[in-house]
Amino acid sequence: MTEFPMMVPMTQTEFWDKMQSVVEKVVEAKLTTATSSISATLIPEKALLKASEVCTIFQISKPTLYEWLKQKKIASFKIQSRRYFSRQDIEAIIRQGNKLSNL
């Protein structure tokens with residue numbers, strides 16, 4: 001790294017350390033905002049979600065969703081003949097990241 005004269009009362013190393021810190025804070029804030037806005041816009045405000053709603057959230061097909069169920073990558077339960085997914089479980093998967101996409 002070449003030395004450039006700076007008009008701030010700190011060394012170049014201190015300057016770059018502060019810049020890195022600021023960038024990390026901004027990126028973390030953006031990621032937090034993006035995650036919460038995804039949850040707010042994509043996930044309906046109900047406790048139980050249908051398979052089609054989960055497919056829409058993850059942008060996958062029903063066969064993929066059922067494959068995830070077989071592989072125990074996502075949990076569901078049945079009420080009579082219908083399958084439902086817990087909203088809290090889906091939000092937890094989103095917060096964990098894309099661990100499901102390793103198919």
Colleague: With side chains defined as the heavy atoms from C-beta onward, is the minimum distance between L69 and R83 less than 4.5 Å?
Modeller: yes
Colleague: Shared ILVMFWY cluster between M19 and M10, side chains joined below 4.5 angstrom?
Modeller: yes
Colleague: Who pairs with S52 by side chain to side chain contact (heavy atoms under 4.5 Å, CB included), at least two apart in sequence or on another chain?
Modeller: K50, K62
Colleague: Residues in side chain to side chain contact (heavy atoms under 4.5 Å, CB included) with D89, at least two apart?
Modeller: A75, S86
Colleague: Do F58 and T64 touch side chain to side chain, with heavy atoms closer than 4.5 Å?
Modeller: no
Colleague: Please identify each residue that fulfils side-chain hydrogen bond (donor to acceptor under 3.5 Å, both in side chains) with Q88, with sequence neighbours left out.
Modeller: none
Colleague: Could E67 and K70 be called an ion pair, given the rule that one side-chain N must be under 4.0 Å from one carboxylate O?
Modeller: yes
Colleague: First locate atom OH of Y66, then atom SG of C55, and finally report the distance between them rounded to the nearest 0.5 Å.
Modeller: 7.5 Å
Colleague: To the nearest 0.5 angstrom, please state how far the CD1 atom of I57 sits from the CD1 atom of I94.
Modeller: 6.0 Å
Colleague: Looking at R87 and E91, does any basic side-chain N land under 4.0 Å from a carboxylate oxygen?
Modeller: yes
Colleague: Using the test side chain to side chain contact (heavy atoms under 4.5 Å, CB included), find all partners of V27 that sit at least two apart in sequence or belong to another chain.
Modeller: V23, L31
Colleague: Let me confirm one number: the CD-CD distance from E28 to E24, rounded to the nearest 0.5 Å.
Modeller: 9.5 Å
Colleague: Tell me, please, which residues at least two apart from L48 pass side chain to side chain contact (heavy atoms under 4.5 Å, CB included).
Modeller: F77, I79, Y84
Colleague: Tell me every residue that passes salt bridge (charged side-chain N to carboxylate O under 4.0 Å, His left out) with K78, counting only those two or more places apart in sequence or in another chain.
Modeller: none
